[in-house]
Amino acid sequence: MNWPVPELPEVETIVRDLRPELTSRLIENPRLFYSDVLYGVTSRKLLAGLRGRRIVEVFRRAKHAVFLLDSGVRLIIQPGMSGVMLVYRGSPSAAEQRYAVLTAELSGGSTFMYRDVRRLGTILLLDEQGWRAYTARIGPEPLADDFRVADLAARLGGSRQAVKKVIMDQHRLAGVGNIYANEALFRARIDPSLPADRLDPSQVARLYRSIRTVLSQAIASQGTTFRDYRTGTGARGSFQFRLHVYGREGRPCRRCGATLAMTHSIDGRATTFCWRCQAVRSLNDA
DNA sequence: ACGAGGTCCTGCGAGC
DNA sequence: TGCTCGCAGGACCTCG
């Protein structure tokens, strides 16, 4: 079975679960167990930046969980593909401590833990200016009220690369990873290998709707869990039961019954699709 | 600008 | 049964 990555819906779910547990808490005793997840900050600076600070806001940007501290500094955790963020009442057990990357005792007696088995996740600590520069390089939020079809069209228009690769490019569009790219393209009945600038207006409109629908439905289902991902309360998501293509290669299309195919020819990542519904002509190695 | 490929990391499962 | 090895993946990087 393929292993999912926390994408936008999973991080949104985590953030919603963590927000009431973390907001207004003091970070009393931060501990870092692996420094290879740090990006642009040393262990010493990270811990010094966290110790004694109060968490004033918890929110999501793209696939990042962002913790705004009372110093104006932001702790940013991107959970990579196996990252989990949890709050324990009291202290976690030794078993729960396994694979812990960052833990922090909080005022009120609870403990925050970022756990990441494969440590492909990233931790950043950015001041106001650093954050502004960082977020400016990420594309627009597809679920934002002011994100329109024209914005998606503009993001696709300048690229001859495969549309699947383009919608997964975080600099063009925020939060869409492999699972939801596959699902959105299937639901929009678009060939994932189609060059992005070759989509006609009706295809762009369908893709716009399918991206927003699939992300919204996944949030409502608390995300997709195959093995690693857990919500902020440790529960499993349930969107895996509503997937149409991801992880279903060799099985019948839910829409037309044709056998779903899989290829790695787009950016080396697993692309699952229906030849018939998505009118795919040229993908090989499937 | 674009594609291809390597790097990070660990658990798992296929294959011998 | 016990081992090795390839694969999974996002983001970032270099090379051609």
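Computed from a prediction, not measured in an experiment: that's the story for all the values here. Atoms considered below: every heavy atom in the structure, side chains included; atoms not considered: hydrogens, waters and symmetry mates. All chains are named by letter (A, B, ...) in the order of the sequence lines, taking the proteins before the strands, and each is independently numbered beginning at 1.
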Return no unless some side-chain N or O of [X] is found under 4.0 Å from OP1 or OP2 of [N].
X	N	value
A:Y39	C:dA11	no
A:Q170	C:dA11	yes
A:Q161	B:dG3	yes
A:K165	B:dC2	no
A:Y180	C:dG10	no
A:Q78	C:dA11	yes
A:R119	B:dT10	yes

field: Degree of bending in the helix from B:dC2-C:dG16 to B:dC16-C:dG2 once both end axes are built from five pairs, to 10°
entry: 60°
Taking [X] first and then [Y], would you say they form a salt bridge - that is, a charged N and a carboxylate O separated by under 4.0 Å?
X	Y	answer
A:R242	A:E183	no
A:E21	A:R89	yes
A:R119	A:D36	yes

Using whole Å, what does the distance between atom [atom2] of nucleotide [N] and atom [atom1] of [X] come to?
X	N	atom1	atom2	value
A:M168	B:dG3	CE	C1'	16 Å
A:D116	C:dA11	CG	P	13 Å
A:M262	C:dG9	CE	P	8 Å
A:R172	B:dA1	CZ	C1'	10 Å
A:L38	B:dC9	CG	P	13 Å
A:D169	C:dC12	CG	P	10 Å
A:R118	B:dC12	CZ	C1'	9 Å
A:H264	C:dA8	NE2	P	4 Å

query: Is there a donor and acceptor pair closer than 3.5 Å between the side chain of A:R269 and the base of C:dG10?
result: yes
field: Non-hydrogen atoms of A:V15 and A:A65 that approach each other most closely
entry: CG2-CB, 3.9 Å
message: Is the terminal nitrogen or CZ of A:R115 (NZ for Lys, CZ for Arg) located under 6.0 angstrom from the six-membered ring centre of A:Y99 and within 45° of that ring's axis?
response: no
query: Which comes earlier along DNA chain B counting from the 5' end, the contact point of A:R98 or that of A:S159, where each point is its nearest nucleotide?
result: A:S159
message: Both A:Y34 and A:R160 contact DNA chain B. Taking the nearest nucleotide for each, which residue is further toward the 5' end?
response: A:R160
Partners meeting ring pair (Phe, Tyr, Trp, His ring centres under 6.0 Å) with A:F67 (sequence neighbours left out): A:F112
message: A:Y208: which residues meet the ring pair (Phe, Tyr, Trp, His ring centres under 6.0 Å) condition with it, sequence neighbours left out?
response: A:F147
Within the 4.0 Å heavy-atom criterion, would you say [X] contacts the bases, only the backbone, or no part of the nucleic acid?
X	answer
A:H171	sugar-phosphate
A:N178	sugar-phosphate
A:D36	sugar-phosphate

query: Testing A:K63, A:R61, A:R19, A:R60 for salt bridge (Lys or Arg N to Asp or Glu O under 4.0 Å) with A:E12, which one passes?
result: A:R60
